[in-house]
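Here the structure comes first, spelled out in structure tokens, and everything after it is commentary.
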Amino acid sequence: ICCLFFSRLIFGTLYPAYYSYKAVKSKDIKEYVKWMMYWIIFALFTTAETFTDIFLCWFPFYYELKIAFVAWLLSPYTKGSSLLYRKFVHPTLSSKEKEIDDCLVQAKDRSYDALVHFGKRGLNVAATAAVMAASKGQGALSERLRSFSMQDLSTIRGDSSSTVPPSVTVRTSSKQSQPKTSRSASEGTGSSGKC
């Protein structure tokens with residue numbers, strides 16, 4: 001099977017590819033058309049072979065027959081690819097060309113629409129993920145900043161001489177003293193009202 005694979009690779013693909021190159025380089029229309037017919041038939045053969053390999057691989061001499069078919073397609077004496085193209089492929093494609101073109105246009109439009117749809121969904125998912133990551137990151141940053149004490153912040157600033165900035169002390173003392181006085185006043189009023 002390995003030998004058959006390499007012979008098909010060499011004679012079915014590389015040899016025709018090289019001679020197709022030579023036909024394009026020399027701009028010989030006759031050779032160019034001959035190799036184009038071969039590649040069309042070979043593409044159809046490769047497509048059909050994908051399915052026939054599943055069902056016919058048990059058939060005796062199946063792989064050898066495939067190699068013989070490729071040799072028949074290539075042979076300048078049998079002109080197999082030209083014969084198959086002119087007798088079967090060209091008439092079939094000519095009669096169905098309009099339907100095939102319509103199907104290809106519809107498939108292209110559907111694939112473009114699907115690509116746009118999935119592209120928009122992908123961008124929405126990416127944007128949502130970015131927003132969620134940013135909001136989680138912002139929340140983590142604010143929590144991290146809240147976890148710092150005022151003493152930690154002053155050491156970050158480089159104020160090693162004073163541990164707490166004076167403005168913070170004033171705010172802290174005024175905020176703490178005000179509720180205490182109002183509590184004591186209300187407690188005093190409440191206690192005097194009871195007695």
Side-chain angles (χ1 to χ4, degrees), residues 1-140:
I1 292 177
C2 187
C3 181
L4 295 172
F5 172 76
F6 283 115
S7 62
R8 179 175 173 244
L9 177 69
I10 291 169
F11 294 112
T13 307
L14 295 177
Y15 174 82
Y18 180 71
Y19 275 96
S20 298
Y21 155 75
K22 288 185 76 100
V24 170
K25 184 179 175 186
S26 67
K27 298 179 182 172
D28 183 2
I29 301 297
K30 187 177 178 184
E31 283 294 305
Y32 187 77
V33 169
K34 177 181 113 175
W35 288 112
M36 286 301 294
M37 286 189 275
Y38 170 80
W39 286 115
I40 292 168
I41 297 297
F42 189 75
L44 293 172
F45 167 69
T46 305
T47 304
E49 160 183 63
T50 304
F51 301 105
T52 58
D53 281 356
I54 297 169
F55 302 110
L56 298 176
C57 63
W58 56 270
F59 192 74
F61 303 111
Y62 173 70
Y63 295 103
E64 289 82 359
L65 288 172
K66 287 193 332 183
I67 295 299
F69 179 72
V70 170
W72 178 75
L73 290 176
L74 280 173
S75 174
Y77 302 108
T78 60
K79 298 180 183 176
S81 59
S82 179
L83 178 73
L84 287 177
Y85 180 81
R86 292 173 199 269
K87 292 273 185 183
F88 302 106
V89 175
H90 184 76
T92 305
L93 290 177
S94 293
S95 66
K96 305 284 184 189
E97 189 172 1
K98 177 76 171 125
E99 291 88 0
I100 293 170
D101 288 342
D102 290 342
C103 286
L104 289 175
V105 167
Q106 288 175 3
K108 187 171 81 171
D109 290 343
R110 277 192 231 127
S111 64
Y112 177 76
D113 291 342
L115 181 67
V116 168
H117 172 71
F118 287 120
K120 284 181 181 178
R121 280 186 61 191
L123 286 175
N124 286 339
V125 168
T128 304
V131 168
M132 293 297 289
S135 66
K136 285 183 181 179
Q138 184 180 13

From [X] [atom1] over to [Y] [atom2], what is the distance, rounded to the nearest 0.5 angstrom?
X: Cys103; Y: Lys108; atom1: SG; atom2: NZ; answer: 14.0 Å
X: Leu83; Y: Trp72; atom1: CG; atom2: CH2; answer: 5.0 Å
X: Lys34; Y: Tyr85; atom1: NZ; atom2: OH; answer: 16.0 Å
X: Ser94; Y: Ile100; atom1: OG; atom2: CD1; answer: 9.5 Å
X: Gln106; Y: Ser111; atom1: CD; atom2: OG; answer: 11.5 Å
X: Asp101; Y: Lys96; atom1: CG; atom2: NZ; answer: 13.5 Å

Original post:
With distance as the sole criterion, is a donor-acceptor pair present between the side chains of Ser20 and Tyr38 under 3.5 Å?
Top reply: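 No, no side-chain donor-acceptor contact under 3.5 Å.
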
Original post:
Is Lys79 atom NZ crowded by more than 12 heavy atoms from other residues, nucleotides or ligands, each under 6.0 Å away?
Top reply: no

Original post:
When you look at OH of Tyr62, are more than 12 heavy atoms from neighbouring residues, nucleotides or ligands closer to it than 6.0 Å?
Top reply: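 Yes - once you tally the heavy atoms of other residues, nucleotides and ligands closer than 6.0 Å, there are more than 12.
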
**OP:** Please work out which of the three classes, parallel, tilted or perpendicular, describes the rings of Trp35 and Tyr19, given edges at 30° and 60°.
**Re:** parallel

**OP:** On the 0 to 90° scale, with breaks at 30° and 60°, tag the Phe42-Trp39 ring pair as parallel, tilted or perpendicular.
**Re:** perpendicular

Original post:
Are Val116 and Tyr112 side-chain neighbours, meaning at least one heavy-atom pair lies under 4.5 Å?
Top reply: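 A side-chain contact exists here, since the closest heavy-atom pair is under 4.5 Å.
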
Original post:
For Phe45, which of Ile40, Val70, Thr52 qualifies under side chain to side chain contact (heavy atoms under 4.5 Å, CB included)?
Top reply: Val70

**OP:** For Val33 and Met37, run side chain to side chain contact (heavy atoms under 4.5 Å, CB included): C-alpha distance rounded to whole Å, both residues' side-chain angles, the deciding distance at 0.1 Å, then the answer.
**Re:** CA-CA 6 Å; Val33 169; Met37 286 189 275; 3.7 Å; yes

Original post:
Which heavy-atom pair separates Arg86 from Pro91 by the least distance, and what is that distance?
Top reply: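 That closest heavy-atom pairing would be O-CD, 3.5 Å.
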
Original post:
Shortest non-hydrogen contact from Ser81 to Ile41?
Top reply: O-CG1, 3.6 Å

